[in-house]
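Written below as structure tokens is the structure these notes are about.
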Amino acid sequence: MLHISSLDEGLDLFKALGSDMRIQILKLLLENKQMSMNQIAARLDITNGALTGHIKKLEACGLISTSSESASHGNQKICTLCTNRILIDIENEAEANQVCTTELKVGQFSDRSVYPTCGLANSYSLIGEVDDARYFDHPGRFTADILWFTKGFVEYTVPNFIPLRHRILSISISCEISSEAPGCNEDWPSDIRFCINGTPVGCWTCPGDFGAERGILNPDWWPTNWNQHGLLKLLVINKSGTHIDGLKISDVTIDDLNLQPGKPIRFRMEVNEEIHHPGGLTIYGRSFGNYGQDIRVSLAYGPIDPQS
């Protein structure tokens, strides 16, 4: 999901979507997941030179990504769709002045308690042994771009660089996640709970541990019968409550989170045995899955009302 938190922030996106040709390119990528520049140009009956400008505009606003791939006649550029959903949130635009965004590596957690099946990996190898939770303390975990566990939690410390005499108006957290089944299982629901500063803000049920189609970004060595990709979810906590992909999941508001000026924010994802569907959790970073991003946290903030 691509989250636009203000009209000004979305200006490049709106311009990119204001072209029939670029809409046709996005439709082709929705149908085929990824295509080479040559394939797209042939389908649209335009030259590669004419296509290049359109691709650059779509890539600049985060709708697609490109990569080079070796072919029999030299390198070719491959285009991949980065998102299948766009959320435009302008509710706080008049109040919020700025947004501070941080990306956290999947392995950059500050606290954890996990149980097998479990493991971590980076783009070139597993980190330690599969199903041995001790390796979640391995120094190499900071390079991890995927982790998974059957039950437990991981907690991340989000830096708070909001200027003095300002307050946080909303927290937006974007990450690619799925359930965790032994191997993979498309029908494996899991109730994943989210907490901020120790306060449970809501729960989302992931439908499965997806493995029927290989993740677009997965390295070649990654086994085909393991977790392949997740769903890109957007968690937003603001003055009206807590939302997943724009749908309200609880009445917990930003004012309920005990946010302190200059103090870091603790963000936890957990699965425990008390919930209805304890189906585990997999978190995907930029080298795995389909979306090419780490855990992205955005803090929208504005000045403190001197009369409040």
On a heavy-atom basis, which atom in [X] and which in [Y] lie closest, and how many Å separate them?
X      : Y      : result
Phe136 : Cys118 : CE1-CB, 4.0 Å
Pro159 : Leu299 : O-CD1, 4.1 Å
Ile237 : Thr253 : CG2-C, 3.8 Å
Gly280 : Ile192 : O-CG1, 4.3 Å
Ser179 : Pro207 : OG-C, 4.5 Å
Thr66  : Cys79  : CG2-SG, 4.0 Å

Donor + acceptor pair across side chains of Glu180, Ser190 (<3.5 Å):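 No - no donor-acceptor pair under 3.5 Å links their side chains.
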Check: Thr199/Asn197 side-chain N/O donor and acceptor closer than 3.5 Å: no
Looking at [atom1] of [X] and [atom2] of [Y], how far apart are the two atoms once the value is rounded to the nearest 0.5 Å?
X      : Y      : atom1 : atom2 : answer
Asn218 : Ser123 : CG    : OG    : 11.0 Å
Ser170 : His243 : OG    : NE2   : 10.5 Å
Ile46  : Met21  : CD1   : CE    : 4.5 Å
Lys57  : Leu13  : NZ    : CG    : 14.0 Å

Aromatic ring pairing Phe194/Phe267, orientation class (parallel under 30°, perpendicular over 60°, tilted between): parallel
Whether His229 and Phe210 hold their rings parallel, tilted or perpendicular, with breakpoints at 30° and 60°: parallel
Under a 4.5 Å side-chain heavy-atom rule over Ile, Leu, Val, Met, Phe, Trp and Tyr, are [X] and [Y] clustered together?
X      : Y      : value
Leu58  : Phe14  : yes
Ile78  : Leu44  : no
Ile171 : Ile295 : yes
Ile216 : Trp222 : no
Ile177 : Phe153 : no

Quick check against the 3.5 Å criterion: does [X] have a side-chain atom that pairs as donor or acceptor with the backbone of [Y]?
X      : Y      : value
Arg266 : Ser110 : no
Trp148 : Tyr284 : no
Asp191 : Thr205 : no
Gln228 : Cys184 : no
Thr80  : Gln34  : no
Ser298 : Thr101 : no
Asp209 : Asn227 : no
Arg22  : Ala16  : yes
Glu176 : Asn290 : yes
Arg141 : Gly107 : yes

Test: Asp255 and Lys239 ion pair at under 4.0 Å: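 Answer for the salt bridge query: no.
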Candidate list Leu120, Leu147, Asp294, test side-chain contact (heavy atoms from CB on, under 4.5 Å), partner Ile283, passing option: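 Result: among Leu120, Leu147, Asp294, Leu147 is the only option passing the side-chain contact (heavy atoms from CB on, under 4.5 Å) with Ile283.
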